[in-house]
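A short worksheet on the structure shown next.
Proteins come first, then strands; the chains are lettered A, B, ... in the order of their sequence lines, and each starts at number 1.
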Amino acid sequence: MEKTIKGKAFVLGDNIDTDQIIPAEHLVYSMSDPKESQLYGKFALSSVPQKESGLPMGNIPFVKEGEEFSEYTIIIGGSNFGCGSSREHAPFALMKAGVKAVVAESFARIYYRNSVDGGFVIPYEAKEKLNDVISTDDEVEIMLNENKLINNTTQKVYALNPLGDILPIIEAGNLFEYARKSGMIA
Amino acid sequence: MGMTITEKILAKGAGKNSVVPGENVWLNVDVLMTHDVCGPPTISIWKKEFGEKAKIWDKQKLVIFPDHYIFTSNPHANRNVEVLRSFAKDYDVQNYYDVGTDRYKGVCHIALAEEGYNIPGTILFGTDSHTCTSGAFGMFSTGVGNTDAAFILGTGKIWEKVPESLLFTFDGELPSFITAKDLILRVLGDITTNGGTYRALEFNGDAIFSLSVDERMTLTNMAIEAGAMNGIIEADEIIENYVKERSEKSYELFQSDGDAKYKQKYHYKASEFEPLVAKPHSPDNVDTVQNVKGRKLTKCYIGSCTGGKLSDFVSAAKFLFGNEVKVPTFIVPASTAVARQLEIETVSGVSLKEIFEKSSCVVAQSSCAACLGGPMDTIGRAKDNEIIISTTNRNFPGRMGSKKSEVYLASPLTVAASALTGEITDPRDYM
């Protein structure tokens, strides 16, 4: 597990549901074929209403027209990030786009499980509502050992909730690696 | 200390005498359900992780219903069904309900009930968020992603955090113009889309136990719209009779103890309900039909695991009988069994199907269809800036297709009344 995650922040509002993260019409692509599965990255966050895409300004595309990767590494959300359907394609799409972590006030259960058990993107709960105080394009850094987020653009530091019970799964890589390490499966 | 029904079932599944909310437990899974959207990636992960030795933990406990993208020319979608078909053949999966055969069932959550997979006291996991629907049978059921499902497929086990429970009691008799959809919309308006996150929603009260099996499933179905892990109703005689007609499996009935601990309890008087809608773009953006009536519509939609059951069409047919719809109206029976019932059930001697066709509705084949948009050629899919009223479960931006469309969620009575006027209409105006 990396000790720090560093990059540009992309800021979103509350209740970002899985239909906004990856619209249902795109759920047909292979998730195992390297080339085809990159389409999930291309269409990540493509159904977020434009004025709410890249706050506080809005109208900022997460993935630029014609590209398959995003320039943003860390997503800053609000409450109930990932609500809606069970599609694992949601955290998968964010990972394919290049996202390493989502920091939000709270997460929907299935999205949270999928992020962790699939080993796609680290879901970090913030102790406060960071989507009000961090701006899209800010340079931010997450210190995993210290459970904090530093905004290098504003020089402010924010506390994150420890990952708790799920840390061993994140450290192992995913649910299967964790189960192998702990002797549950061969 | 007493336990809730959810805690009791999870304790049994974990092989423990008791569990407490917040505790992580490993559960033995009774049934794993998957479909055409999440089945192929689940199988792919299972093969990759378990390698050559990959073995289904218990074939009888795996159920596969293709249901999402069925009647489409989309090659990727059709390839997904082909993946399921080959998998079922290669691994001799008996509980596979193939498209294009008379085994095809339609929407998984309704088919699970109809085919006798919903058994009180058991634990069901499915690769679909609306798997919580099965909680209407006094069982624990919840949605998971592909990785978790692949893990279950190989081991029969999965971890879960025991949820706190919220109790919703509905006392008294429901007015004739109110359906379970109005009840759950009220709950969503009150606790919002994250009020149930990592929690169980338990429903009781005489108004609940007077509901049909179909209507109970509408309630538990939308528990996920509050972010809940599961929705649950204790099984009573109505449920037992339904189960016994479809399964020979023995079962155990669980009830919450009198001193069970709830995070919060909510009381509602059934007689005080009025028809509700969820306005765009969230299921908790709830208002009364009275406050939004007159809103012009471009389309009406009655279908899905939430609002495409026989009871939903019986409700709608009462208004549509002998009348003409003013805007395109889609009738999408959730399952093929419901579709057959449309030809058998009658109002004043006329079959429901004939009533819908005579009122100029489009009667479509059973599948998830436009509830979640789907491929471009999906019947009823939202186009451009359409304004739709629907019996489905979600109205997030772009959920039914076009990102510019607006979706109102409502009961089958409200949707049928609105179809007759072309604008949002209070069902009481037609009663």
Side-chain angles (χ1 to χ4, degrees), chain A residues 14-20 23-33 36-37 39 46-50 52 79-92 105-120 165-166 169 174-180 184-186, chain B residues 24 26 37-38 40-42 44-45 48-50 53 68-69 74-77 79-80 126-131 142-151 154-155 157-159 161 163 192-194 197-198 224-225 227-229 281-282 284 372-376 378 394 396-399 401 403:
Chain A
D14 295 335
N15 298 308
I16 296 297
D17 67 86
T18 56
D19 280 284
Q20 293 180 59
E25 70 207 61
H26 300 301
L27 302 181
V28 295
Y29 315 132
S30 165
M31 294 174 81
S32 48
D33 179 83
E36 191 177 320
S37 65
L39 288 168
S46 63
S47 207
V48 175
Q50 278 184 14
E52 290 154 43
S79 67
N80 206 23
F81 189 93
C83 59
S85 92
S86 70
R87 62 191 71 159
E88 189 159 310
H89 313 67
F92 182 79
E105 202 182 350
S106 63
F107 290 91
R109 168 184 162 269
I110 310 179
Y111 173 87
Y112 187 80
R113 288 186 72 102
N114 288 344
S115 297
V116 173
D117 286 357
F120 303 122
D165 286 349
I166 58 145
I169 302 177
N174 62 39
L175 179 63
F176 285 93
E177 293 304 329
Y178 168 78
R180 272 186 207 106
M184 280 187 69
I185 59 172
Chain B
N24 276 327
W26 282 91
V37 171
C38 296
T42 295
S44 166
I45 295 168
K48 175 175 160 262
E49 297 291 346
F50 291 100
K53 292 173 291 182
H68 274 61
Y69 306 152
N74 183 296
H76 290 114
R79 182 184 60 186
N80 276 340
T127 61
D128 191 291
S129 62
H130 290 107
T131 304
T142 191
V144 286
N146 311 331
T147 299
D148 285 347
F151 195 88
T155 65
K157 293 181 193 302
I158 195 67
W159 69 272
K161 190 189 283 285
T192 78
T193 51
N194 64 359
T197 301
Y198 261 100
I224 183 61
E225 266 52 80
M229 182 183 293
H281 291 283
S282 182
D284 65 358
L372 77 164
M376 292 302 166
T378 302
R394 291 186 180 135
F396 299 134
R399 168 71 178 181
K403 290 161 201 165

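Each of T42(B), V144(B), I45(B) was evaluated against E88(A); a single residue qualifies, I45(B), per the side-chain contact (heavy atoms from CB on, under 4.5 Å) test. D19(A) pairs with exactly one of H281(B), K403(B), R399(B) by the side-chain hydrogen bond (donor to acceptor under 3.5 Å, both in side chains) rule, that one being R399(B).
Here N194(B) contributes atom CG and D14(A) contributes atom CG; the two are 8.5 Å apart, rounded to the nearest 0.5 Å. A distance of 7.0 Å separates NZ of K157(B) from CE of M184(A), quoted to the nearest 0.5 Å. Here the SG atom belonging to C83(A) is positioned 9.0 Å from the CD1 atom belonging to I224(B), to the nearest 0.5 angstrom.
Minimum heavy-atom separation, V28(A) to R79(B): O-NH2, 3.5 Å. The shortest heavy-atom contact between R113(A) and W159(B) is NH2-O, 2.7 Å. Contact record, G374(B) with A24(A): N-CB, 4.4 Å, taken as the closest heavy-atom pair. The shortest non-hydrogen separation linking G84(A) to F396(B) is CA-CE1, 4.0 Å. What you find for T197(B) and R109(A) is that their closest heavy atoms are CG2-N, 4.3 Å. Nearest heavy-atom pair, I110(A) versus G145(B), reported as atom, atom and distance to 0.1 Å: CG2-N, 4.1 Å.
Residue contact with chain A, scored on non-hydrogen atoms closer than 4.5 Å, involves the backbone and the side chain of F151(B) alike. For L372(B), the parts sitting under 4.5 Å from any heavy atom of chain A are the backbone and the side chain alike. Proximity to chain B is limited to the side chain of S106(A), based on heavy atoms less than 4.5 angstrom apart. Residue N114(A) touches chain B through its side chain alone, counting heavy-atom pairs closer than 4.5 Å. In this structure, no portion of A228(B) lies under 4.5 Å from any heavy atom of chain A. In this structure, the portion of F107(A) lying under 4.5 Å from any heavy atom of chain B is its backbone and not its side chain. Contacts between N24(B) and chain A at a heavy-atom distance below 4.5 Å involve the side chain alone, from C-beta outward. Only the side chain of I185(A) comes within contact range of chain B, with at least one heavy atom under 4.5 Å from a heavy atom of that chain. For S44(B), the part lying under 4.5 angstrom from a heavy atom of chain A is the side chain only. No part of I16(A) comes within reach of chain B, as not one of its non-hydrogen atoms sits under 4.5 angstrom from that chain. With a 4.5 Å cut-off on non-hydrogen atoms, P40(B) does not touch chain A at all.
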### Task
Check step by step if side chain to side chain contact (heavy atoms under 4.5 Å, CB included) holds for K161(B) and D165(A).
CA-CA 10 Å; K161(B) 190 189 283 285; D165(A) 286 349; 3.9 Å; yes
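Looking at heavy atoms from C-beta onward, D17(A) lies in side-chain contact with P397(B) at the 4.5 angstrom threshold. R87(A) is not listed as a side-chain neighbour of V37(B), based on a closest heavy-atom distance of 4.5 Å or more. Side-chain contact check for S282(B) versus N15(A): every heavy-atom pair is 4.5 Å or farther apart.
With no hydrogens or angles considered, no side-chain donor-acceptor pair links R394(B) and S85(A) at under 3.5 Å.
Counting heavy-atom pairs closer than 4.5 Å to chain A, the top residue among D148(B), D128(B), T193(B) is D148(B).
No more than 12 heavy atoms of other residues, nucleotides or ligands shown are found within 6.0 angstrom of CD on Q50(A).
Ring geometry for Y178(A) against W26(B) counts as parallel: the plane angle stays under 30°, on a 0 to 90° scale with 60° as the upper cut.
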